[in-house]
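Let me begin by presenting the structure, written as structure tokens, before commenting on it.
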Amino acid sequence: MRWTVLGYQSPYPGAGGATPGYLLESEDRRILIDCGSGVLSQLDRYCRPYELDAVVLSHLHHDHIADFFVLQYAVRLARQMGHRTRPLTVYAPAAPEKWARLLTYHDAIDWRPIEEHRETFVGSLHLSFHPTDHPIPCYAVLTDNGRSRILYGADAGPRTDWRRMVRSPDLFVCEATYLKRNAPSHPTGHLSAEQAAVAAEQIGAKRLLLTHLFPEYTSAEVEHEARPHFSGTLYVAGIGLSIRLG
Ligand SMILES: [Zn+2]
């Protein structure tokens with residue numbers, strides 16, 4: 001399996017950047033996890049957007065779905081031009097309904113509500129979806145290929161129960177929305193870099209990738225706040241960062 005960062009910033013992309021989106025590749029499948037603003041132009045470095053096998057949208061906030069609506073055009077046109085025969089399968093929540101209604105588009109998309117599909121196989125990859133602490137329905141994604149496990153934490157506040165999802169994942173991709181200098185006194189719906197590191201240590205993650213970063217942060221300051229709390233291998237997200245697992 002290979003996990004590649006296509007976008008990692010929030011709530012907006014910095015210059016040349018992108019909000020969250022990740023390419024998950026196995027021997028036989030390509031899955032796009034979240035599709036934020038700027039993600040499609042990064043994806044095109046690895047494959048054509050219409051060559052994806054599936055998309056997972058963790059939740060329907062715009063920083064995670066903005067480019068999905070452009071991806072719909074890419075898939076529809078590919079079908080008209082004969083580059084693709086099947087609709088693109090998309091796993092995404094059914095709420096808020098106002099946005100869920102827009103997930104299907106002509107014959108381009110086969111939408112499967114996560115509420116009804118809490119686990120699935122995409123090729124040989126087993127995916128399961130686990131609710132996080134966020135103001136709207138939001139799901140962490142656990143991927144297992146039989147040899148390695150990746151937990152993508154999506155957007156998640158401090159009340160998220162990581163230990164119910166997994167123990168000792170090979171990679172934990174966790175949001176680090178806040179640093180000490182700008183964390184609210186009672187953060188809800190998001191974590192700080194320190195809280196992400198503590199959570200990763202609690203579940204025994206072997207590797208931690210910190211993401212969902214404010215565009216003005218430097219990776220050095222994110223690493224500085226997380227490092228003392230996590231004993232495994234620590235990465236700070238950047239576009240094109242790729243982590244290969246067995
Ligand atoms: Zn977000």
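Indexing begins at 1, ligand by ligand and atom by atom, following the structure's order. Along the sequence shown, residues are numbered consecutively beginning with 1.
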> So W3 and Y152, would you call those rings parallel, tilted or perpendicular, with 30° and 60° as cut-offs?
Replying inline: tilted

>> For the residue pair T4 / Y46, report whether a side-chain donor-acceptor contact shorter than 3.5 Å exists.
In response: no

> Which residues pass the salt bridge (Lys or Arg N to Asp or Glu O under 4.0 Å) test with R167, sequence neighbours left out?
Replying inline: none

> With distance as the sole criterion, is a donor-acceptor pair present between the side chains of H126 and S128 under 3.5 Å?
Replying inline: no

Less than 3.5 Å apart, which donor and acceptor atoms pair up between the side chains of residues 231-240 and the rest of the protein, not counting sequence neighbours?
unit_1, atom_1, unit_2, atom_2, d
S231, OG, E201, OE1, 3.1
S231, OG, E201, OE2, 2.9

> Taking only residues two or more places apart in sequence or in another chain, which ones pass salt bridge (Lys or Arg N to Asp or Glu O under 4.0 Å) with D161?
Replying inline: none

> How many protein atoms of type N/O/S are positioned less than 2.8 Å from the Zn ion (ligand 1)?
Replying inline: 4

